[in-house]
Amino acid sequence: MADGETAVAEAGRDFIRDIVHADLDAGRHSSAVTRFPPEPNGYLHIGHAKSICLNFGIAGEFGGRCHLRFDDTNPTREEQEFIDAIERDVRWLGFDWGKHLYYASDYFERLYEWAEHLIRTGHAYVDDQSQEAMRIARGTLTEPGKNSPFRDRPVEENLDLFRRMRAGEFPNGARVLRAKIDMSSGNINLRDPVLYRILHAHHPRTGTKWSIYPSYDYAHGQSDAIEGITHSICTLEFEDHRPLYEWFLEHLPVPSKPRQYEFARLNLTYTVLSKRVLTTLVRDGHVKAWDDPRMPTIAGLRRRGVPPSAIRDFVKRIGVAKANSVVDANVLDFSIREVLNKTAQRRMAVLRPLKVVIENYPEGQSEELEAVNHPDDPAAGTRKVPFGRELFIEQEDFMENPPKKFFRLSPGAEVRLRYAYFITCREAVKNATGEVVELRCTYDPATKGGNAPDGRKVKATIHWVSAAHAKTAEVRLYNPLFARPDPTAGENFTDDINPQSLEVLNSVKIEPALAADPSAEPVQFERLGYFAPDPDSTPAHPVFNRTVGLRDTYAKVAASEAKGR
RNA sequence: UGGGGCGUAGCCAAGUGGUAAGGCAGCGGAUUUUGAUUCCGCCAUCCCCUGGUUCGAAUCCAGGCGCCCCAGCCA
């Protein structure tokens with residue numbers, strides 16, 4: 001499969017690529033250098049995939065490089081587990097940062113020196129105000145803020161205090177270093193933003209070396225400048241941080257001048273892409289783990305069986321723009337089917353078994369029939385499928401009193417068993433409660449392989465599995481994690497959780513070839529959908545995840561029929 | 001008159017003065033040993049609104065309206 005390969009140049013046109021193109025044409029840069037800057041405080045999700053494909057994609061298309069840089073400026077919420085998971089997920093998506101793996105913490109010393117530079121040039125000061133006092137003095141959206149009483153401290157005093165902050169002389173929250181910009185700015189980010197705060201915390205990379213940590217605003221742009229990033233791409237909410245981003249670059253002796261551009265983050269129907277919510281879902285056990293197949297995380301999608309190329313295809317389809325939008329989850333499903341239809345081999349499995357006895361098939365006899373592995377790819381070859389007197393078919397492929405447009409089995413009806421024979425239903429056997437528990441059928445020996453010599457047609461072909469040869473498996477069916485297309489990401493998001501997001505089937509009957517195949521490749525269960533083995537699988541107990549179902553136009557027909565009655 | 005951004009079909013999204021790309025969804029039809037796939041066809045007289053400029057405007061100008069983001073020592 002091509003998924004293991006590094007993804008290259010999956011171009012598209014968008015305003016950011018247009019900018020990069022123009023910059024190269026104008027000779028402002030000789031190549032595009034971008035970065036993907038996750039904070040290691042959670043797992044990557046499909047929204048991050050959009051950013052990853054954008055950043056790595058542009059670097060690949062414009063002969064540059066993309067750095068993986070961990071934005072690890074807040075040790076109170078960052079963990080090594082997340083660093084490892086992020087690397088694994090970016091790599092799995094098909095991207096390679098080569099030797100360009102960086103951490104904002106790599107630059108702590110330099111950032112510190114630059115902070116002293118700002119103090120010396122009168123552009124930063126140590127503020128002793130309480131957090132509460134600072135909040136009040138910041139003003140509101142419509143009223144200007146007030147200058148801090150510490151704003152005009154002498155340079156030497158600022159330097160002394162700042163050094164002592166670094167030395168760990170003060171408790172958390174006692175003081176901060178602030179940029180001296182404009183407390184009356186309409187842009188609140190410019191009202192003397194905090195550059196450093198005191199945090200006596202253990203950092204995954206620097207341990208206890210530091211007791212002060214730089215803020216995102218102070219660290220990000222300078223990290224970009226140090227790495228020679230040409231185009232620093234982020235999401236819309238950072239748009240009004242851009243003036244601050246540029247302010248630092250103007251007031252510091254940075255080695256390069258990156259430019260920041262913003263695009264709209266991804267939103268998906270029936271999905272919440274908020275790290276806070278995803279973290280809570282895991283922490284409170286609404287899902288099993290970060291890689292639960294119901295999660296929109298890269299790890300969850302991977303476990304569900306989604307190929308990385310499908311995620312890349314999805315990202316290409318949705319485009320990049322500045323308008324807030326919500327993408328229909330159908331687009332993702334479409335991309336998944338698009339890839340899997342071409343790559344997944346076909347097998348037969350019966351999710352909800354209904355026993356069928358072929359009355360005119362000799363008892364104790366069995367035979368092997370040939371089935372193709374992929375209808376559009378002869379190179380995929382064929383396999384043998386055992387057939388016998390007792391079979392299992394799908395419960396929903398039989399109806400005792402079928403509506404007009406139901407073409408499958410019903411008393412007296414004839415259908416084709418895929419790759420096998422035509423069978424006709426003679427009788428439905430019921431139990432004491434009236435449930436159909438077994439079908440008595442006859443087969444036409446002349447239709448072996450699925451074609452009638454007399455040319456007669458059947459209106460349906462159904463899948464089946466030989467009872468004597470079938471293995472039993474567990475199948476996990478997934479439905480959207482949220483019941484509403486527009487679930488809230490607010491405090492009460494649990495109200496919108498779909499109670500039917502997981503359905504476990506324990507007596508799924510699978511053909512022998514499926515149980516024997518040790519590969520972890522996704523397969524198509526014919527007429528049902530795409531399924532991938534779960535890591536919980538053992539040879540004695542196979543477990544499959546439904547990645548995505550097949551398009552089901554009959555479901556629509558049935559629904560409209562039902563409505564019409 | 002706090003600042004910043006956005007508004008093209010049900011959902012994404014091209015288009016940047018010359019008379020509305022493409023995709024998803026939907027709807028018809030053909031093919032089909034998966035009611036799958038594939039293949040054909042349909043789907044915005046109109047681009048948030050109102051004026052204006054122009055031979056000509058989704059694109060330019062003016063004025064409105066709507067939605068999103070910002071008041072963390074989070075990112």
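The chains referred to below are lettered A, B, ... by the order of the sequence lines, with proteins before strands, and numbering in each begins at 1. Fair warning: this is a prediction, and the values are worked out from it, not measured in the lab.
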N/O (side chain, A:S185) to phosphate O (OP1/OP2, B:rG2) under 4.0 Å: no
Is it true that, when you exclude A:H21 itself, more than 12 heavy atoms of the residues, nucleotides or ligands shown sit nearer than 6.0 Å to its NE2? no
Does A:A555 or A:E239 map to a spot on RNA chain B nearer the 5' end, using the closest nucleotide for each? A:E239
Is the ring centre of A:Y196 less than 6.0 Å from the ring centre of A:Y218? yes
Measuring to OP1 and OP2 of B:rC11, would you say a side-chain N or O of A:T269 lies under 4.0 angstrom away? no
When you check the phosphate oxygens OP1 and OP2 of B:rG35, does a side-chain N or O of A:R527 lie under 4.0 Å from one of them? yes
Between B:rC12, B:rA25, B:rG35, which nucleotide has the shortest distance from any of its atoms to the side chain of A:S325? B:rC12
Here the distance between atom C1' of B:rG4 and atom OH of A:Y245, to the nearest Å, is 18 Å
C1' atom, B:rC12 versus B:rC47: distance in rounded Å? 16 Å
Counting the atoms with a prime plus P, OP1 and OP2 as sugar-phosphate, which does A:E39 contact under 4.0 Å by heavy atoms, base, sugar-phosphate, or nothing? sugar-phosphate
Taking 4.0 Å as the cut-off, does a side-chain nitrogen or oxygen of A:R197 come that near to OP1 or OP2 on B:rC74? yes
Return the nearest nucleotide to the side chain of A:P375; candidates are B:rA75, B:rU34, B:rG23. B:rU34
Anti or syn, where syn is a glycosidic angle within 90° of 0; which label fits B:rG63? anti
A:R416 side chain near B:rU32 phosphate (N/O to OP1/OP2, under 4.0 Å): no
In whole angstroms, how far is the C1' atom of B:rC12 from the OH atom of A:Y270? 16 Å
Would you call A:E368-A:R383 a salt bridge at under 4.0 Å N-O? no
Flag if over 12 foreign heavy atoms under 6.0 Å of CZ, A:R527: yes
Roughly, in whole Å, what's the span from CG in A:D313 to P in B:rG22? 18 Å
Whether A:D192 and A:R151 form a salt bridge (side-chain N of Lys/Arg under 4.0 Å from carboxylate O of Asp/Glu) is what I want to check. yes
Starting from the 5' end of RNA chain B, give me the residue, A:T142 or A:V326, whose nearest nucleotide shows up first. A:T142
With a 4.0 Å cut-off on heavy atoms, is A:N451 in touch with a base, just the backbone sugar-phosphate, or nothing at all? base
Basic-acidic side-chain contact under 4.0 Å: A:D552, A:K556: no
Is A:R346 side chain donor-acceptor paired with the B:rU34 base, going by distance under 3.5 Å alone? yes
Separation of B:rC39 atom C1' from A:R551 atom CZ, nearest Å, is 13 Å
Identify which nucleotide among B:rC24, B:rG2, B:rC73 has an atom closest to any side-chain atom of A:N330, counting heavy atoms from C-beta outward. B:rC24
What does the list of N/O pairs under 3.5 Å between the protein and nucleotides 69-71 of chain B look like, with a distance for each?
residue	atom	partner	partner atom	Å
B:rA71	O2'	A:R138	NE	3.3

Side-chain contact check for A:V331: nearest option of B:rU34, B:rC24, B:rA75 is B:rC24
Rounded to whole angstroms, how far apart are CG on A:N267 and P on B:rC12? 9 Å
Starting the side chain at C-beta, find the nucleotide from B:rG5, B:rA13, B:rC24 nearest to A:A323. B:rA13
What's the closest nucleotide to the A:F334 side chain, out of B:rC73, B:rC24, B:rU34? B:rC24
Residues A:R17 and A:E61 bridged, charged N to O under 4.0 Å: yes
From C-beta outward on A:D71, which listed nucleotide comes closest to its side chain: B:rA75, B:rG5, B:rG35? B:rA75
Round to a whole Å and report the spacing from CZ of A:F15 to P of B:rG5. 12 Å
Taking atom C1' of B:rA14 as reference, at what distance in whole Å does atom NZ of A:K316 sit? 16 Å
What I want to find out is whether A:R352 reaches A:E394 closely enough, with some N-O distance under 4.0 Å, to be called a salt bridge. no
Kindly indicate whether the side chain of A:R408 and the base of B:rG35 share any N or O donor-acceptor pair separated by less than 3.5 Å? yes
Which whole number of Å gives the distance between the P atom of B:rG4 and that of B:rC11? 29 Å
Distance check needed: B:rA75 P versus A:L44 CG, whole Å only. 17 Å
Do A:E414 and A:K459 sit within salt-bridge range, that is, some charged N less than 4.0 Å from a carboxylate O? no
